[in-house]
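Everything below concerns the one structure shown next.
None of these values were measured; they are calculated from a predicted model. Reckoned from all heavy atoms, side chains included, excluding hydrogens, waters and symmetry mates.
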Amino acid sequence: LRYSTSPTFSFNISDTPPNVTLVYPNENHLDNDGVISFIYNVTDNTGLTGCYLYLNGVINQSNSSPILNYQNNAFDVEGISEGNYNWTVECFDLSMNSSKPLPRNFSVDLYKPSIVLQAPSNSGTSLFSDVLFNFTVTDTFDSSLNCNLTINGVVRDMFVANSGNLTSRLISNLTDGLKYWNVTCVD
């Protein structure tokens with residue numbers, strides 16, 4: 001008997017998409033300078049061809065350096081303007097299988113609140129021990145801010161103030177003498 005055997009071909013089964021894990025920033029991260037390294041970890045059993053960073057559902061950039069399989073990788077972004085965002089990363093393997101985890105939310109708040117004291121006026125005099133303090137806090141990002149009113153180094157009142165609106169706080173039973181007051185607000 002005579003027989004013949006064909007050449008041996010190889011093939012690869014690759015039906016498992018990469019596993020992408022978002023590392024940083026965490027959910028609801030608050031950034032104050034608009035510069036963020038978006039860190040992700042990706043693993044795949046066949047190798048990777050590319051990864052893409054999405055900000056608010058739009059591709060922001062693709063990897064500019066080789067992707068490290070089974071290790072952390074990063075997209076560095078500068079100049080992110082103030083606002084609310086979400087981010088995710090999509091990666092493709094050699095078979096063009098892809099994976100993109102659910103996005104994480106983050107915010108960029110570049111500016112601290114501005115506070116204008118209105119009453120009592122600087123170096124003014126009150127004829128009453130019950131004093132109405134007026135001020136306006138303004139913030140470009142937050143509409144309400146946690147504030148406190150301090151008199152002579154002691155916090156006398158804690159409250160929420162609305163950005164851009166006049167806030168009035170009555171402090172009663174102040175004693176005679178010179179007083180120093182200020183307002184601190186956190187956004």
Side-chain angles (χ1 to χ4, degrees), residues 20-41 51-61 72-90 100-187:
V20 180
T21 303
L22 304 179
V23 177
Y24 180 86
N26 295 322
E27 179 69 19
N28 295 322
H29 173 77
L30 179 60
D31 178 78
N32 63 8
D33 65 3
V35 177
I36 301 177
S37 287
F38 295 91
I39 301 172
Y40 65 98
N41 187 296
C51 292
Y52 300 88
L53 171 66
Y54 288 79
L55 295 180
N56 289 348
V58 177
I59 293 175
N60 177 272
Q61 61 181 278
N72 286 348
N73 295 269
F75 289 108
D76 296 322
V77 181
E78 297 181 5
I80 303 173
S81 60
E82 198 165 76
N84 295 312
Y85 298 89
N86 65 56
W87 76 284
T88 191
V89 172
E90 182 176 31
K100 181 169 61 169
L102 292 174
R104 286 185 179 175
N105 297 306
F106 72 97
S107 300
V108 177
D109 185 0
L110 299 174
Y111 307 103
K112 63 184 179 183
S114 170
I115 303 169
V116 176
L117 303 180
Q118 289 146 330
S121 62
N122 193 27
S123 299
T125 300
S126 174
L127 302 176
F128 305 98
S129 63
D130 296 344
V131 178
L132 188 63
F133 292 83
N134 293 323
F135 70 95
T136 302
V137 59
T138 305
D139 190 72
T140 58
F141 185 71
D142 290 301
S143 59
S144 61
L145 299 101
N146 293 318
C147 300
N148 68 55
L149 174 70
T150 301
I151 302 172
N152 287 352
V154 176
V155 173
R156 295 292 303 263
D157 193 12
M158 297 172 63
F159 49 91
V160 174
N162 293 321
S163 178
N165 294 340
L166 178 68
T167 300
S168 299
R169 306 300 292 182
L170 179 65
I171 304 297
S172 299
N173 301 318
L174 293 173
T175 59
D176 286 352
L178 182 63
K179 307 289 186 230
Y180 296 94
W181 75 284
N182 70 288
V183 173
T184 302
C185 294
V186 178
D187 62 352

Going by side-chain contact (heavy atoms from CB on, under 4.5 Å), name the residues that satisfy it together with N72, two or more places apart in sequence or in a different chain. V23, I39, N41
Please list every donor-acceptor pair under 3.5 Å in which a side-chain atom of residues 164-175 meets a protein atom from a residue at least two apart or in another chain.
residue : atom : partner : partner atom : Å
S168    : OG   : N134    : OD1          : 2.5
R169    : NE   : D157    : OD2          : 2.7
R169    : NH2  : D157    : OD1          : 3.3
R169    : NH2  : D157    : OD2          : 3.0
T175    : OG1  : K179    : NZ           : 3.1

Quick one: disulfide (SG to SG under 2.5 Å) pairs with a partner in residues 152-187, sequence neighbours left out? C147-C185
Once side-chain hydrogen bond (donor to acceptor under 3.5 Å, both in side chains) is applied, do any residues pair with D76, and if so which ones, sequence neighbours excluded? S37
Heavy-atom side-chain proximity of N146 to V160 below 4.5 angstrom: yes
Is it true that a side-chain atom of E27 and a backbone atom of N105 form a donor plus acceptor pair closer than 3.5 Å? yes
Check the angle between the aromatic planes of F106 and Y85 and answer parallel, tilted or perpendicular using the 30° and 60° thresholds. parallel
Does any part of the side chain of C51, heavy atoms only, come nearer than 4.5 Å to the side chain of N73, both counted from C-beta? no
Checking N56 now: which residues fulfil side-chain hydrogen bond (donor to acceptor under 3.5 Å, both in side chains) with it, not counting sequence neighbours? none
Verdict with supporting geometry, V77 and L53, side-chain contact (heavy atoms from CB on, under 4.5 Å): CA-CA 10 Å; V77 181; L53 171 66; 3.7 Å; yes
Tell me which pairs pass side-chain hydrogen bond (donor to acceptor under 3.5 Å, both in side chains) where either residue lies in residues 107-117, with sequence neighbours left out. N84-S107
In this structure, is the centre-to-centre distance between the rings of Y52 and F75 below 6.0 Å? no
Just so I know, are the side chains of D139 and V137 near enough to count as touching, which here means a heavy-atom distance under 4.5 Å? no
Can you find a heavy atom in the side chain of I151 that is under 4.5 Å from one in the side chain of F133? yes
Residue pair R156, W181: steps toward the side-chain contact (heavy atoms from CB on, under 4.5 Å) verdict: CA-CA 10 Å; R156 295 292 303 263; W181 75 284; over 6 Å; no
